[in-house]
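Model, not experiment: these values are computed from the prediction.
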Amino acid sequence: VNLAGEPLKQEIVERLFAETATQCVANLYGPSETTTYSTWVRMAREDGFAPHIGRPIANTQVYILDAHGEPVPMGVAGEIYIGGDGVARGYLNRPELTAERFLRDPFRAAPNARMYKTGDLGRWLPDGNIEYLGRNDFQVKIRGFRIELGEIEAKLVQCDGVREAVVLAREDAAGDKRLVAYLVVQEDADLSVADLRDALSRQLPEYMIPSVFVQLDALPLTANGKLDRQALPAPDSMMLAAREYAPPQGEIEQTLATLWQELLRARSVGRHDNFFELGGHSLLVVQFIHRLETQTPYRVAVRDLFQHSSLKELAAHIAATSAKSSDWNPLVRLTEGDDLRVLYAVPDAGIPAASWQPLAAALQDRVAVRVFEPLARGVEEIVAANVQALLADDPDGPYWLAGHSSAGTVALEMAVVLQSRGKTVQLSMLDSSLAAPDACAAELLAQAAVTSVEDATR
């Protein structure tokens with residue numbers, strides 16, 4: 001049985017094997033512009049479902065490219081382009097659209113070689129197969145991150161118990177844009193939001209995990225059978241992933257519950273509730289820490305909330321550590337290496353150290369990466385705390401600092417302080433544009449390597 005036209009669901013393959021004598025199912029991928037299908041994977045009865053679209057057919061080339069038209073590394077999402085003998089000539093009487101979608105193939109020597117820009121997202125798997133990640137029509141930007149909603153949807157439908165999934169970026173309250181997942185559950189499935197978040201967190205960074213999961217009996221459709229995104233309901237606080245309620249116990253739990261209730265706009269917060277399941281995200285983490293520091297005697301680091309995300313766990317951590325600003329170290333070691341050069345990264349506010357893991361992994365054989373957790377404080381206090389932690393980690397240097405986005409200011413000020421103490425400093429800026437306040441800073445900026453996070457990872 002050959003199946004094509006729509007992303008293939010595991011449920012269909014399993015039903016074919018269970019209810020018919022079918023011995024093999026082929027998943028065929030490709031648009032009409034490249035002669036119906038361009039990649040395929042054969043699934044034998046004994047092997048079961050394959051969660052990818054396979055490899056190119058004969059006389060076909062598939063490229064997965066970034067926004068600059070460059071090939072992405074294995075495992076990195078990009079847009080699928082298709083070249084080879086199956087590429088059509090173009091669209092009849094539509095020269096502008098033809099020029100936009102049918103491009104010269106820069107990866108083949110033939111002078112007339114062309115490739116088709118599909119608008120689909122994918123990534124190379126280690127075994128040479130291609131994982132389909134949905135369309136790129138639904139790219140959104142939340143808290144500075146560009147997110148492909150189709151990539152999240154593709155991961156959701158792979159989770160146990162999920163039959164259909166749609167993800168939207170909603171701003172139901174001014175200034176609070178967040179990801180909302182709408183799910184249709186398989187029959188008799190007992191879906192746990194905590195399990196869903198756990199499954200997604202193993203495949204996606206924190207900023208791509210939906211804040212809210214809404215379960216529907218069916219997705220709304222238009223009159224012609226297409227998904228009606230406008231009809232998807234706005235979530236309310238009752239749709240958030242609250243656990244079975246148990247009242248907060250003790251002063252710390254009660255204090256945290258009050259802050260969470262105000263910040264997350266939740267009707268009530270129990271001791272088993274999870275900050276992120278209630279709609280929290282990295283930017284709200286920073287706001288919570290700032291309120292905790294300014295309104296209470298307690299203190300936590302950004303990483304503490306990611307590691308102890310339930311109210312009960314976080315309160316116990318605060319009680320056990322009694323952390324004070326004077327003895328807290330903001331430096332997180334992502335990778336080690338005694339003989340490696342060390343990169344000290346200064347991330348933008350709201351970006352946890354864990355978000356730098358892809359860069360650390362890409363550099364792990366050449367560079368050890370250490371990241372300063374963002375502090376909800378003024379620039380001077382942040383610089384002082386970071387410099388103190390840096391000198392404790394390495395008293396002599398030389399030092400390599402990388403400032404990300406608005407935290408480029410912090411990295412620059414740190415470099416000025418270190419240089420004034422006779423230290424050798426190299427400075428890099430990632431997605432950052434700054435004006436130098438004085439001659440010393442101007443000299444440092446003139447020598448700084450300026451790039452983007454994507455280019456740095458590549």
Listed partners of Leu121 passing side chain to side chain contact (heavy atoms under 4.5 Å, CB included), at least two apart: Leu133, Asn136, Glu148
Tyr29 side chain to Asp120 side chain, donor-acceptor N/O pair below 3.5 angstrom: yes
Donor-acceptor under 3.5 Å (Glu253 side chain, Lys312 main chain): no
Closest heavy-atom pair and its distance - Ala26, Trp40: CB-CE3, 4.1 Å
Spacing of Leu311 atom CG and Gln254 atom CD [to the nearest 0.5 Å]: 10.0 Å
Check: Val25 main-chain N/O paired with Arg45 side-chain donor or acceptor under 3.5 Å: no
Residues, nucleotides or ligands: over 12 heavy atoms within 6.0 Å of Asp228 CG: yes
Inter-residue atom distance Arg163.CZ - Glu187.CD, 0.5 Å rounding: 8.5 Å
Main-chain N/O of Gly84 paired with Gln61 side-chain donor or acceptor, under 3.5 Å: yes
Any donor-acceptor pair under 3.5 Å from Arg101 side chain to Thr118 backbone: yes
Short side-chain to backbone donor-acceptor contact, Ser38 and Gly30, under 3.5 Å: no
Asp105 and Tyr81: side chain donor to acceptor below 3.5 Å: no
Whether over 12 other heavy atoms sit under 6.0 Å from Glu96 CD: no
Gap separating the CD1 atom of Ile64 from the CE atom of Met74, nearest 0.5 angstrom: 11.5 Å
Heavy-atom donor-acceptor pair, Arg370 side chain to Arg333 backbone, under 3.5 Å: no
Donor-acceptor contact below 3.5 Å, side chain Arg42 vs main chain Gly54: no
Salt bridge present between Glu33 and Lys117 (N-O < 4.0 angstrom): no
